[in-house]
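A short worksheet on the structure shown next.
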Amino acid sequence: MLGTKRHGIAEFLTRSLFSWKPKASHSAPGWKLFGKNPLQDNPLKNSRTIQQEYESRAGPATGPPPHPQPMRCKNLEFEPLSTTALILEDRPPNLPAKSEEESQRHRQEYSEMVAGAKRREMKEAQKKKLSHPYIYLWWQGVPPSVRGKVWSLAIGNELNITPELYEIFLSRAKEKWRSFSETSSVNENEECGVSLADRESSLDLIKLDISRTFPSLYIFQKGGPYHDILHSVLGAYTCYRPDVGYVQGMSFIAAVLILNLEEADAFIAFANLLNKPCQMAFFRVDHDLMLKYFAAFEVFFEENLPRLFQHFQNNSLTPDFYLIDWIFTLYSKSLPLDVACRVWDVFCRDGEEALFRTGLGILRLYQDVLLQMDFIHSAQFLSRLPENTPAHALFSCIANTQMISNNRRWNQVFSALMKDGLKETDKSSSSNSPALRS
């Protein structure tokens with residue numbers, strides 16, 4: 001105390017006028033307007049330290065405060081993020097407390113500010129919806145009149161295929177069909193050194209699959225209005241990608257595109273769609289890559305439907321028993337056509353994640369039924385889903401499926417599988433998956 005008095009009255013005035021006020025402005029949270037403090041070397045002070053510093057400068061309190069402060073904020077570490085601090089925060093202890101009328105008025109002003117902010121947010125959200133109308137339509141179902149155009153734009157044309165290029169490969173396909181028709185059998189061509197891809201592009205194999213494509217519609221069968229178009233698109237593709245050739249199930253994908261696009265545009269979308277990593281892995285039967293897709297699927301399977309997941313584990317029902325057919329045809333064979341088109345809408349927006357999320361939605365929709373079935377009946381049920389699968393119920397199940405596991409989304413889980421194999425995946429699901437041990 002003696003050391004302090006040696007500084008005299010000048011030190012007291014200097015400290016009072018220049019040092020004390022800035023420090024008070026930093027330590028009184030009720031008057032911080034923007035929620036940010038200047039950088040300080042000292043740690044944040046608690047209420048006791050602030051009170052002691054105040055008393056050392058203004059003198060100890062000689063009596064109780066003139067007004068009670070029942071609404072005083074005790075958490076001095078709270079930092080208001082806007083000027084609402086002037087409304088909701090109590091005043092610093094050296095000022096009189098708010099009256100009840102003033103507090104009520106401030107609460108009313110705050111409520112009006114919140115309501116105004118919500119109105120502005122809704123207005124901005126409406127603007128975004130209007131500026132991106134397809135985002136909403138993709139989930140609710142794109143209108144058939146624009147569906148083909150939306151799909152074409154979403155799939156893109158990274159392969160830079162033109163209608164003229166389609167005509168070139170279609171001509172090559174027709175030449176091969178003529179050559180096959182002139183021989184007595186495929187085996188004779190095999191003896192002459194014809195490759196597997198060439199044999200799979202034969203008229204007989206494609207024609208056989210076309211007759212099985214949406215048979216109830218009667219538009220792709222021989223004599224139907226779309227039979228020749230579907231035949232041409234599939235034949236041109238086998239010449240365009242002889243390394244892939246024709247694989248059973250492609251006809252359903254091509255047929256859906258033909259129903260929504262002109263012939264050349266359907267071929268362009270078809271070739272680019274099959275060039276996506278997931279589709280290429282399945283159609284080229286890349287076993288290792290398919291197992292990684294199955295493992296990633298099972299991570300989210302166990303996360304969303306643990307009871308059914310364990311039931312499938314106990315019965316050794318692995319994803320390859322049902323997912324392959326679903327992915328091959330993009331659900332166009334497994335679901336009613338109108339429902340499948342809505343799945344395509346979401347797939348075009350969200351990519352491959354939507355395919356596996358749809359699969360989980362189907363399992364969620366029929367979970368109670370599947371829990372009562374053994375291996376054989378479950379596999380049969382999933383390979384031939386009910387023809388009256390309700391769209392509303394299915395998409396409700398898809399919406400309730402969370403594609404997040406341990407704070408990782410689908411692409412992160414799958415990337416970990418691609419990068420590190422099975423070492424970095426969830427031990428309780430992926431690495432113990434029967435699909436990975438098959």
Side-chain angles (χ1 to χ4, degrees), residues 166 169-261 263-264 266-267 269-271 273-275 279-286 290 320-337 340 344 379-380 382-385 387:
Y166 167 63
F169 286 110
L170 178 57
S171 298
R172 293 183 183 178
K174 290 179 178 179
E175 291 177 3
K176 287 192 175 184
W177 292 333
R178 282 193 297 268
S179 67
F180 276 116
S181 65
E182 293 172 357
T183 59
S184 58
S185 68
V186 173
N187 290 331
E188 292 180 5
N189 285 281
E190 186 175 2
E191 292 174 359
C192 296
V194 179
S195 68
L196 175 63
D198 286 333
R199 285 187 280 113
E200 287 188 330
S201 68
S202 70
L203 177 63
D204 291 337
L205 292 177
I206 294 179
K207 183 168 61 176
L208 179 63
D209 218 14
I210 290 177
S211 64
R212 300 169 179 171
T213 305
F214 299 121
S216 60
L217 297 181
Y218 302 106
I219 58 177
F220 294 104
Q221 283 65 46
K222 189 171 182 61
Y226 291 103
H227 174 273
D228 293 341
I229 298 176
L230 179 57
H231 191 254
S232 296
V233 170
L234 294 175
Y237 181 77
T238 58
C239 291
Y240 173 70
R241 290 299 301 266
D243 58 320
V244 179
Y246 178 77
V247 181
Q248 191 174 18
M250 285 182 177
S251 62
F252 281 88
I253 298 178
V256 173
L257 291 171
I258 289 171
L259 290 174
N260 292 275
L261 290 165
E263 181 176 344
F267 174 80
F270 180 75
L273 183 57
L274 266 57
N275 196 54
Q279 279 63 52
M280 190 56 65
F282 278 75
F283 279 111
R284 298 189 71 172
V285 196
D286 187 333
M290 290 170 67
D320 50 294
F321 283 101
Y322 51 91
L323 266 185
I324 291 179
D325 192 49
W326 292 354
I327 300 299
F328 264 171
T329 62
L330 300 181
Y331 297 95
S332 57
K333 180 182 177 182
S334 306
L335 297 173
L337 182 57
W344 280 45
Q380 291 176 342
L382 294 175
S383 63
R384 187 171 297 179
L385 295 172
E387 296 180 359

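On a predicted model such as this, the values are computed, not experimentally measured, just so you know.
Expressed to the nearest 0.5 Å, how far OH of Tyr237 lies from CG of Leu170 amounts to 16.0 Å. Atoms CZ and CD, from Phe321 and Gln380 in turn, are 12.0 Å apart once rounded to the nearest 0.5 Å. If you take CG on Leu230 and NZ on Lys207, they are separated by 13.5 Å, rounding to the nearest 0.5 Å. How far CZ of Phe282 is from OG1 of Thr329: 11.5 Å, rounded to the nearest 0.5 Å. One finds the CD atom of Glu387 at 11.5 Å from the CG atom of Leu335 (value rounded to the nearest 0.5 Å). In this structure, CD on Glu263 lies 9.0 Å from CG on Asp228, to the nearest 0.5 angstrom.
In this structure the side chain of Lys222 never reaches within 4.5 angstrom of the side chain of Ser211, judged on heavy atoms. A heavy-atom distance below 4.5 Å is found between the side chains of Val244 and Met280.
Trp344 places a side-chain N or O within donor-acceptor distance of the main-chain N or O of Leu330, the cut-off being under 3.5 Å.
Aromatic ring orientation, Tyr240 versus Phe169: perpendicular (interplanar angle above 60°, classes split at 30° and 60°). Taking the six-membered ring for Trp and thresholds of 30 and 60 degrees, Phe220 and Tyr226 have ring planes inclined between 30 and 60 degrees apart. Ring geometry, Phe283 versus Phe328: the interplanar angle falls under 30°, so the pair is classed parallel (tilted spans 30 to 60°).
For the residue pair Lys176 and Cys239, the shortest heavy atom distance occurs at CD-SG, 4.2 Å. Nearest heavy-atom pair, Met290 versus Val285, reported as atom, atom and distance to 0.1 Å: SD-CA, 3.9 Å. Nearest heavy-atom pair across Tyr246 and Leu205 is CE2-O, 4.4 Å. Taking both residues in full, the closest heavy atoms of Ala236 and Tyr166 are given as CB-CE1, 3.6 Å, listed atom of the first, atom of the second, then distance. For the residue pair Asp325 and Ser334, the shortest heavy atom distance occurs at OD2-OG, 3.9 Å. When all heavy atoms of Gly235 and Trp177 are compared, the closest pair comes out as CA-CZ2, 3.4 Å.
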Let's go through Trp326 and Leu382 carefully: what are the C-alpha distance in whole Å and the side-chain angles of both, what is the deciding distance for side chain to side chain contact (heavy atoms under 4.5 Å, CB included) to 0.1 Å, and is it a yes or a no? CA-CA 9 Å; Trp326 292 354; Leu382 294 175; 4.1 Å; yes

Stepwise side chain to side chain contact (heavy atoms under 4.5 Å, CB included) check, Leu385 with Tyr331: CA-CA 10 Å; Leu385 295 172; Tyr331 297 95; 5.9 Å; no

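Take Arg212 and apply the side chain to side chain contact (heavy atoms under 4.5 Å, CB included) test, not counting sequence neighbours, and it matches Leu208, Asp209, Gln248.
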Please report, to 0.1 Å, the donor-acceptor pairs under 3.5 Å made by any side chain of residues 249-261, with sequence neighbours excluded.
residue: Ser251; atom: OG; partner: Thr213; partner atom: OG1; Å: 2.8
residue: Asn260; atom: ND2; partner: Val256; partner atom: O; Å: 2.8

